[in-house]
Amino acid sequence: MPLEVLEQAQRELVALPGVGMSVMEISHRSKTFEDILARAIADVRELSGLDDRYQVLMLQGGASLQFSMVPMNLLGAGRTADYIDTGSWADKAAKEAKRVGTVHVTGSTKADNYNRIPDPREVTLTPDAAYVHITTNNTIEGTEWTDLPAVGDAPLVADASSNIFSRPMEFHRFGLIYAGAQKNLGPSGVTLVLIRQDLLERSPASLPTMMNYKVQAENNSLYNTPPTFGIYLLGLTMTWLKSLGGLPGIAAINQRKAAKLYGEIDRSGFYRGTAQKGSRSLMNVTFRLPSEDLEKTFNKEATANGLDGLKGHRSVGGMRASIYNAFPEEGIDALVEFMREFERTRG
Ligand SMILES: *Cc1c(COP(=O)(O)O)cnc(C)c1O
């Protein structure tokens with residue numbers, strides 16, 4: 001979370017200016033909350049450049065519930081959905097979809113430990129696929145799609161949980177984009193779903209009501225009580241992004257931050273980046289040291305120096321610096337300095 005956002009939320013926690021109650025105390029049907037929701041949606045539209053051909057939904061259940069809701073709403077009987085397998089989250093999404101219908105997994109880079117995004121020639125799409133699913137940034141493996149795959153007429157569906165609004169994207173090329181808010185958009189508890197209006201017609205009326213995109217859209221995400229505090233914080237985070245110059249502004253910052261880290265990783269050969277260079281993520285920088293023993297020591301000493309959370313995901317090991325939008329550049333500088341000193345004394 002950006003510090004400015006947390007400080008504003010702190011100032012307004014007990015009573016919203018001019019309202020006299022906390023955002024957690026007012027009705028989600030009040031004019032005050034309706035305005036908070038409307039402003040957050042308008043800012044999401046402004047940042048993404050998506051007009052009213054798309055619906056902006058603020059749901060619950062995290063990206064993980066979208067793994068189920070996407071096929072429940074879009075797959076349909078007798079059709080096939082294509083899933084491009086670029087990492088453990090992509091794999092989880094495909095596995096959930098298989099519970100719902102027919103899934104074709106393609107373009108898998110699993111044999112390379114998911115260290116890259118597949119080449120277009122490795123992806124074979126099903127003719128007339130219900131949709132094609134990608135994971136725009138592979139959080140655990142540290143890879144990111146830079147050029148979106150060509151998918152013909154099939155709607156492109158994306159889990160963008162770990163890189164949404166980190167840079168401009170061709171948002172209009174997606175049929176549906178979803179993201180748990182907690183990495184780049186706000187706190188956990190809100191899930192942003194951007195869906196092209198025509199796809200709402202696919203939602204079967206037989207679905208559980210809460211899992212039906214069409215119902216959620218018709219009720220402007222207010223079918224039941226939405227995560228009001230989370231939506232308020234997401235709205236403040238959108239205002240913060242706009243103050244930095246929107247997505248081009250944050251992209252320049254993110255590119256500079258990532259370049260500093262990758263530059264250090266590539267400098268001497270002591271550190272080794274795990275993602276192939278053409279697939280490197282701006283958000284999750286994964287690297288290894290010469291031995292697992294050194295990785296343990298690195299991790300322990302980094303933590304002691306205030307550089308916490310560098311241990312890679314338990315499924316891949318090594319190190320991972322997750323440097324989402326709100327992570328300050330001074331933190332990168334401190335890490336680079338620590339890496340240099342560690343190499344000097346242990347290398
Ligand atoms: C973190 C993450 C998830 C899981 O999100 P939840 O909101 O916890 O369900 C899914 N996909 C990707 C790419 C992620 O980074």
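Atom set for the values below is all heavy atoms of this structure, side chains included, hydrogens, waters and symmetry mates excluded. Sequential numbering from 1 along the given sequence is applied to the chain's residues. Counting starts at 1 for both ligands and their atoms, in listed order.
Considering CG of Leu37 and CG of Leu222, their distance stands at 5.5 Å, rounded to 0.5 Å.
Of the protein's non-hydrogen atoms, Ala63 CB, 3.5 Å is the one closest to atom 5 (O) of ligand 1. Ser64 OG, 2.6 Å is the protein heavy atom nearest to atom 9 (O) of ligand 1. Atom 4 (C) of ligand 1 has its closest protein heavy atom at Trp89 CH2, 3.5 Å.
Applying the 4.0 Å criterion to heavy atoms of Thr139 picks out, from ligand 1, the atoms 12 (C), 13 (C), 14 (C), 15 (O). Taking every non-hydrogen atom of Gln182 and a distance limit under 4.0 Å, the qualifying atoms of ligand 1 come out as 5 (O), 6 (P), 7 (O), 8 (O). For ligand 1, the atoms closer than 4.0 angstrom to any heavy atom of Gly62 are 7 (O), 9 (O).
For ligand 1, the polar-atom distance check against Asp159 finds a nitrogen or oxygen pair separated by under 3.5 Å.
A salt bridge links Asp43 with Lys242: at least one charged nitrogen is closer than 4.0 Å to a carboxylate oxygen. Taking the charged nitrogens against the carboxylate oxygens, Arg320 and Glu141 have no contact shorter than 4.0 Å, which rules out a salt bridge. Salt-bridge annotation for Lys31 and Glu34: absent, with no side-chain N of the basic residue lying under 4.0 Å from a carboxylate O of the acidic one. Asp333 has a carboxylate O that lies under 4.0 Å from a charged side-chain N of Lys260, or vice versa, which qualifies the two as a salt bridge.
Between Asp159 and Thr136 there is no side-chain heavy-atom pair separated by less than 4.5 Å.
Of the heavy atoms in Ser161, only side-chain atoms (C-beta onward) come closer than 4.0 Å to ligand 1.
Heavy-atom neighbours of Arg29 CZ from other residues, nucleotides or ligands within 6.0 Å: above the threshold of 12.
Across the listed options Lys92, Gln60, Lys183, Lys183 owns the non-hydrogen atom lying nearest to atom 14 (C) of ligand 1.
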